[in-house]
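Report on the following structure.
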Amino acid sequence: MYIKGVGMTKFGIHTKTTQELCYDAISEALEDADMNLEEIGEIITSKGDCSNDGERQRLFSAVLSSILQDKGIPIIRVVAACSGGGAAVWNACNSEAKNILVVGVEKLTPLPTKLVTDDLMMASERVYEQTEGMNFPAQNALIAQQYMMRYNASPKDLALVALKNHENAFNNPKARFYQKKITLDMINKSPIVASPLRLFDCSISVDGAAAAIITKEKTDIEIAGSALYADRLPAFEAQDMTSWQGSILAARDAYAQAGISPKDIDFAELHDAFTSVELMAYEDLGFAKKGEAKHLIRKGKTCMNGELPINTSGGLKAKGHPISATGISQIYEITRQMRKQCGKRQLDRARVGLAHNVGGVGSTVTVHILKHIGG
Amino acid sequence: MIIRWVSEDGKRKWMYPISRDIHTKGKIVKQISRKAKVIGITKVNIPSPLHPIIPYFILLLEDEYGNRMPKKTMKERKIGETYEIKPAKSDGAVIITKIKYDMEEYLKESLNLLHRYKISQEDKILIKPTIIEPAYSYQATNTNPNLLDALLNILKEKGVKDIIVAEQSMLGNDTIEAAKKSEILDVCKKHGINFVDLAKAEYTQKEYEGFKFNIAKGFFERKIINLPVMKTNSQIGISGSIENMVRVTDADTQKRMFAEDIEKTLPKLLKALPGFLTIGDATLGMHAQGPTSLGEPAFLNMLFVSTDPVALDAVFAEMGMLDLPAYVKEASSIGIGNANTKTIEIVGEDLEAIKLNLLAADKNASAHQKIKLIDGKANPYVFNSALQMASKLIGLLGEEVNLAIGSQITQDMLNGKSRIVAYGAEAIEKLREFGVSPVAEIPEDIDGTEKIMLLKSVLENPDKKSINIADKLKSKIAKVGAKIKGKF
């Protein structure tokens, strides 16, 4: 499968409805692909079941149909919490249709923080986790703590991840933190959300939509590997809490499909919902040996000018994390990097890119490997 | 307690109570541990509706089998410490348990944590659930049938042979119909247990401070296990351990208890009763406009267990951040139990850590936005039928009506109120006593359709000063019409 076109709204605060945000992202993707909606054979949309956003639009595929005024294009909705976007792309890669439009969207900013926390917490296990106060920062804090105790990593390493991603977002006009300078001092002094995680260790909830047109017709960008793995819901159930089997297995599968190994990856968009997740992903995806991820960030190897730039978009951390749109926005960034369309954050070498999207705490993981094969 | 369901060959573990290994079709063995090590801790500073009080801690526990579980607490602990719930040291302790899927195991554990409370096979047990109205089990109005089932399994396991389940529904409702719909009757049948309709029981008279209670005899002949649903109550704040005992008395007693002020007579009833164990059913629990199905399930997933009914109700009220009801305070002041949550021994969950904002019941609300109650502690029949009248008029627009019920109406309650309708003999008498002329007086003993038509005529006519002959005639015609309709 190939990428024909991509589009996304700015990630931030929007007054538009989710369907309008989708409309904007789809319009851009169609324009990028130089296609008409009539050429699309299937639409796969990803949107969460946010119960507090004031929209009350659960049958979103039909809402999308209404705004697109399409003539009978099948539309299905994929829900996989934060990996909804990646899951939509994975579904597209397994579709029979020639041209598939994937679009992910979420609106989170109409909600006060406590309601966003509650809404997102519904993606965790009700009896063991929700009733014990295990919101996502808390879950990831406990995992980060296990990781740091075992591998002698420190909050300073997490701060470096945050700093890197904020520096990248500074140059991304579609990022929430575009042109917003964040310093190490600000990160280190930010309040503790769930110890050891600070505010700047957490991704930011935003509104936004992202779209991609995936096709069987050969283009300049090939989806060389596409894998999805589902694992147990609570992270505490995993034998090793410091590693996510879903990431390991999805990456292994995607590398095998692409006929490459981790060292062949030029750059990646990783699921940094929390800075600790990015660190762990370095290892699960094979970029570092177990326990050695800290050296990558300490030595600047994953910075923009490093050997393996990670999250050039700013990542979930600083570009923003509109849940179901995130996975598709990663595809957007990789495609734009490969097509040399990233302006000040443009990489010199962007031939093979990897997108890593996670739902829950390692519960549903997608890994996509894109290769630039044209131009 | 950490429970896992493990495949016979030990290769797979589930955190859910499955009965068969889907991979091998083999048996499942339950793995239970009561002691665990703290292997992680986080201090959380971000609130949510389920966890409004911050900061709180979450411990990551790991047991001897390597099974893990997070545990919310308000107390900071150190990594490496042992976590274990120790049994209660006092008789009045309240055991709070969060159920992790296995209701029976957690109920058993809660009973084991009680101080000096024992059930022996010679005991004659009377279980008193809550079955107030015909409602499905998911509505949280009546005791969860699965909890009764779990309790009966435990009692049988202990070899207890003589068990009955006894209850009567709210005055005006049919007990057997309610027991059927709530599935309580099915559970009794499954276990071969007699269900006794207390409305038809033999009563014995007991007196406390001049108030005569006709109480079902069985309550003096058997060991009582009280099994109330924990919920909000728009008349008296909460329904729980104490309130569930109202219906051990006959209809006349109940009416007198309400007429004389239920908040004062309820504690007296407890003085007249022997002691009992309460298993507070908060498996669902109810909040908002309880105790009837106007309320909403609260999905609490908890049990509250104690031999002190006052302590249990006080702890529940505090858990839900609800005001401590006057009758619970009164019960404490006459020495029935302890209502001071600071001195109650709490075992299991940390009370501060389970607090959440339950929706308090609005004592003036009905299902109809324009019909407000002035509740002078009406008896359950009048109260329930008043709510039913209001429900039947939903959708009908009109001018606000204040429906006065009960004998405990005060001048303060009437101040500033217009368009008052007195419903029931007690309210009619009370309003006359105050020299207040209501727009309508509706007796409680006339036909239901007639009552609704009279209330309707007031609701939809803003200028109506009093109901007239034509209104009365119309209501009687409607009654006849409804009867004919019903016939065909």
Side-chain angles (χ1 to χ4, degrees), chain A residues 51-52 111-150 155 190-199 201-202 205 232-242 274 276 361, chain B residues 2-4 12-17 36 38-63 66-74 76 79-80 97-103 106 282-283 299-302 349-350 352-357:
Chain A
S51 53
N52 295 313
L111 308 178
T113 306
K114 65 178 183 180
L115 290 185
V116 179
T117 305
D118 190 49
D119 238 316
L120 299 182
M121 191 159 64
M122 288 184 208
S124 64
E125 216 283 336
R126 184 176 78 91
V127 170
Y128 288 96
E129 295 183 315
Q130 292 181 31
T131 58
E132 301 297 343
M134 288 275 273
N135 54 40
F136 276 97
Q139 291 180 48
N140 282 282
L142 286 169
I143 293 166
Q145 185 181 53
Q146 295 296 310
Y147 180 87
M148 292 197 290
M149 284 193 301
R150 188 177 302 176
S190 66
I192 295 278
V193 171
S195 59
L197 299 179
R198 291 180 179 277
L199 183 65
D201 287 311
C202 309
S205 298
R232 298 172 189 213
L233 185 54
F236 65 81
E237 275 276 278
Q239 211 167 14
D240 178 2
M241 284 175 64
T242 65
F274 298 90
S276 50
V361 276
Chain B
I2 302 179
I3 309 180
R4 289 293 182 276
R12 281 166 293 278
K13 277 184 186 180
W14 286 263
M15 55 180 190
Y16 303 119
V38 178
I39 63 162
I41 181 166
T42 179
K43 183 181 183 181
V44 182
N45 291 311
I46 181 168
S48 63
L50 289 178
H51 306 281
I53 302 171
I54 52 164
Y56 61 84
F57 297 93
I58 303 172
L59 310 176
L60 182 61
L61 305 175
E62 187 176 87
D63 69 8
N67 300 327
R68 301 188 197 111
M69 189 174 85
K71 186 88 237 149
K72 184 185 174 190
T73 169
M74 288 303 185
E76 189 166 8
I79 289 174
T97 306
K98 278 188 203 161
I99 300 166
K100 308 285 183 200
Y101 292 106
D102 192 330
M103 202 180 282
Y106 280 90
T283 52
F299 305 106
L300 296 172
N301 227 20
M302 284 192 269
E349 298 298 327
D350 183 343
E352 201 65 12
I354 58 166
K355 278 185 182 174
L356 77 169
N357 284 304

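These numbers come from a predicted model, not from an experiment. Letters go in sequence order (proteins before strands), and every chain restarts at 1.
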Side-chain heavy-atom pair Met149(A), Ile39(B) within 4.5 angstrom cut-off: no

With Glu132(A) as reference, evaluate Lys98(B), Lys72(B), His51(B) under the side-chain hydrogen bond (donor to acceptor under 3.5 Å, both in side chains) test and give the passing residue. Lys98(B)

Main chain of [Y], side chain of [X]: is a donor-acceptor contact present, judged purely on distance under 3.5 Å?
X: Arg68(B); Y: Ala235(A); result: no
X: Thr42(B); Y: Ser195(A); result: yes
X: Asn45(B); Y: Ala194(A); result: no

What part of [X] gets closer than 4.5 Å to chain A, counting heavy atoms only: side chain, backbone, both or neither?
X: Leu356(B); value: neither
X: Tyr56(B); value: side chain
X: Met15(B); value: both
X: Ile79(B); value: side chain

Hey, what's the ring geometry for Tyr128(A) with Tyr101(B), parallel, tilted or perpendicular (30° and 60° as the breaks)? tilted

Does the side chain to side chain contact (heavy atoms under 4.5 Å, CB included) test come out yes or no for Leu50(B) and Asp118(A), once each step is laid out? CA-CA 8 Å; Leu50(B) 289 178; Asp118(A) 190 49; 4.1 Å; yes

From the list Pro55(B), Pro70(B), Pro49(B), the residue making the most non-hydrogen contacts under 4.5 Å with chain A is Pro70(B)

Ranking Ile41(B), Ile99(B), Leu60(B) by heavy-atom pairs under 4.5 Å to chain A gives rank one to Ile41(B)

Is Gln139(A) close to chain B through its backbone or its side chain, or both, or neither, when contacts mean heavy atoms under 4.5 Å? neither

Between atom CD1 of Ile54(B) and atom NZ of Lys114(A), what is the distance when rounded to the nearest 0.5 Å? 10.5 Å

Which heavy atom of Ala138(A) sits nearest a heavy atom of Val44(B), and at what distance? CB-CG2, 3.8 Å

How far apart are the closest heavy atoms of Thr131(A) and Lys100(B), and which atoms are they? OG1-NZ, 3.5 Å

Highest number of heavy-atom pairs under 4.5 Å with chain B among Glu129(A), Glu125(A), Arg126(A), Met241(A) belongs to Glu125(A)

Is the shortest distance from a Lys or Arg side-chain nitrogen in Arg4(B) or Glu237(A) to a carboxylate oxygen in the other one below 4.0 Å? yes

